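First listed ligand is number 1; within each ligand, the first listed atom is number 1. Residues: numbered from 1 along the sequence shown. Here the structure is a predicted model, which means the values were calculated and not measured.
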Amino acid sequence: MNSDRSTAILEKAIKLGATMAGIASVELLKKSPSHRILTMKTGLEIENFSGINWPQDAKSALVIALSHPEDEPELDWWDTNSSRGNSILIKICRELSDWIQKELNIKTYRMPYSVERGGIYLKDTAVLAGLGCIGKNNILITPEFGPRVRLRGMLLTEELPLTGPISFDPCEGCQEFCRKACPQDAFGERVLSSSETGLAELPGRDGSFSREKCMVQMRKDMEESDVDFDKGVQYISDVETMTTTEKLVKYCRKCEFACPVGK
Ligand code: SF4
Ligand code: SF4
């Protein structure tokens with residue numbers, strides 16, 4: 001395994017604008033909690049989903065993070081296409097992928113953001129790559145920026161040295177500010193148990209995270225915005241100039257902002 005090539009990739013990611021970057025093993029990633037739960041009968045399966053189509057020659061997973069601080073809310077506002085932060089991440093990934101293929105002759109697979117669209121679980125990738133741990137708010141918590149980061153990833157056909165996981169757990173002994181802040185009480189009850197799944201690590205760490213309740217809030221946020229989703233109107237943010245779009249959805253981030261880590 002070539003550590004020079006790995007270091008070059010991570011440095012290039014930062015140079016292109018990523019705040020953090022790391023590398024995980026695809027083989028280990030397939031066995032991570034979220035990927036394993038995906039194939040179990042839990043009653044929480046994604047409808048009409050036949051599983052992740054892992055490229056057979058993929059060996060390493062590269063994950064990049066972009067800091068989304070509370071005082072830059074515009075990075076997290078959505079038009080009907082994407083958030084601006086996500087658009088920036090897509091741009092970094094595109095440029096990084098081109099560079100890796102051209103300069104290092106490694107084939108890359110840029111992955112969509114969501115699993116429903118063919119992506120991989122980025123939070124699990126980030127944990128294995130050493131960017132942080134999963135907090136009690138079911139979000140990646142990084143030592144430097146807390147949960148206020150956004151992720152994107154790609155798969156590479158070369159086996160590279162791994163950058164994680166790390167020993168880090170700020171939730172142990174914390175007063176759970178994140179859970180108390182949720183307007184939908186999404187962490188109020190266990191929806192999965194270890195005895196049911198055979199897994200020690202679960203959503204919200206102990207199975208206390210209701211995606212459905214969080215979705216209720218997301219739908220509320222969409223209704224309260226002035227975006228006309230029925231008309232399919234798209235106001236695409238200009239990543240280069242960051243020009244303002246008028247119609248935006250401001251999704252709930254209370255469980256992120258309440259977390260003191262990285263503040
Ligand atoms: S507020 Fe942050 S550190 Fe505390 S339990 Fe929640 S995620 Fe963990
Ligand atoms: S995003 Fe909002 S609604 Fe969803 S879990 Fe976090 S605090 Fe609750």
Side-chain angles (χ1 to χ4, degrees), residues 19-20 32-34 37 42 44 46 63 65-79 82-86 89 113-116 121-151 164-192 194 200-225 227 229 248-263:
T19 316
M20 303 171 84
S32 76
S34 300
I37 284 178
T42 58
L44 302 170
I46 302 168
V63 60
L66 184 73
S67 162
H68 270 208
E70 196 169 348
D71 60 3
E72 285 183 52
E74 64 279 4
L75 286 178
D76 212 35
W77 291 347
W78 278 67
D79 52 39
S82 176
S83 74
R84 292 182 188 189
N86 195 37
L89 282 164
Y113 180 76
S114 68
V115 169
E116 289 87 340
Y121 279 110
L122 291 166
K123 287 189 295 186
D124 289 39
T125 314
V127 171
L128 285 173
L131 267 54
C133 69
I134 302 296
K136 287 189 175 176
N137 52 7
N138 198 37
I139 309 176
L140 175 78
I141 314 292
T142 66
E144 300 88 346
F145 308 97
R148 294 162 296 279
V149 295
R150 293 291 174 269
L151 303 169
I166 54 169
S167 173
F168 170 66
D169 183 8
C171 300
E172 202 55 53
C174 175
Q175 290 177 47
E176 302 186 350
F177 306 104
C178 54
R179 292 185 167 189
K180 290 172 188 157
C182 179
Q184 298 294 338
D185 197 23
F187 306 100
E189 58 179 324
R190 290 196 183 186
V191 295
L192 277 177
S194 292
E201 295 163 76
L202 292 167
R205 291 169 54 129
D206 56 5
S208 303
F209 173 66
S210 164
R211 189 175 150 84
E212 189 41 49
K213 284 188 179 175
C214 183
M215 292 292 286
V216 169
Q217 183 64 40
M218 284 179 82
R219 285 192 286 271
K220 196 165 174 266
D221 297 336
M222 286 163 79
E223 279 162 22
E224 284 171 7
S225 78
V227 175
F229 283 87
L248 300 159
V249 189
K250 296 168 189 174
Y251 286 118
C252 174
R253 295 179 69 194
K254 289 192 165 72
C255 53
E256 284 179 55
F257 295 156
C259 178
V261 180
K263 282 194 174 172

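Rounded to the nearest 0.5 angstrom, I141 CD1 and C259 SG are separated by 4.5 Å. Note that CG of L192 is 11.5 Å distant from CZ of F209, once rounded to the nearest 0.5 Å.
Within the 3.5 Å criterion, the main-chain N or O of G146 finds no donor-acceptor partner in the side chain of K263. Counting only distance, with no hydrogens or angles, the side chain of R179 and the backbone of K136 share a donor-acceptor pair below 3.5 Å. In this structure, the side chain of N137 engages the main chain of C255 through a donor-acceptor pair within 3.5 Å. Side-chain atoms of T19 come within 3.5 Å of backbone N or O of S67 as a donor-acceptor pair.
Taking every heavy atom of N137 and a limit of under 4.0 angstrom, the matching atoms of ligand 1 come to 7 (S). Near P260, with a cut-off below 4.0 Å to any heavy atom, the atoms of ligand 1 are 1 (S). Every atom of ligand 1 is numbered from 1 in the order shown, and the set under 4.0 Å from a heavy atom of V261 is 3 (S). For ligand 1, the atoms sitting less than 4.0 Å from at least one non-hydrogen atom of I141 are 7 (S), numbered in the order shown with element in parentheses. Set against the non-hydrogen atoms of C174, the atoms of ligand 1 under 4.0 Å away are 1 (S), 3 (S), 4 (Fe), 5 (S).
Other residues, nucleotides and ligands place more than 12 heavy atoms under 6.0 Å from the CD atom of Q184.
With a 4.5 Å cut-off on side-chain heavy atoms, P183 and K254 count as touching.
Counting heavy atoms under 4.0 Å from ligand 2, residue F187 touches it through the side chain alone. Counting heavy atoms under 4.0 Å from ligand 1, residue P147 does not touch it at all. Of all the heavy atoms of I139, none lies under 4.0 Å from any atom of ligand 1, so neither backbone nor side chain is involved.
Protein heavy atom in closest approach to atom 8 (Fe) of ligand 1: C171 SG, 2.3 Å.
Neighbouring protein atoms of atom 4 (Fe) of ligand 2 (N, O or S, distance under 2.8 Å, waters ignored): C214 SG.
Residue side and main chain included, C259 places an N/O/S atom under 2.8 Å of atom 2 (Fe) of ligand 1.
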Kindly indicate, with the supporting measurements, whether the criterion side-chain contact (heavy atoms from CB on, under 4.5 Å) is fulfilled by L122 and L140. CA-CA 9 Å; L122 291 166; L140 175 78; over 6 Å; no
Take Y251 and M222 through the test side-chain contact (heavy atoms from CB on, under 4.5 Å) and record every step on the way to the result. CA-CA 8 Å; Y251 286 118; M222 286 163 79; 3.4 Å; yes
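Look at G146 and you'll find every heavy atom at least 4.0 Å from all atoms of ligand 1.
Taking only non-hydrogen atoms, the option from P170, C178, C133, G204 nearest to atom 3 (S) of ligand 1 is P170.
Under a 4.0 Å N-O distance rule, the pair E224/K220 qualifies as a salt bridge. A salt bridge is absent between E72 and R148; no separation between the charged side-chain nitrogens and carboxylate oxygens falls under 4.0 Å.
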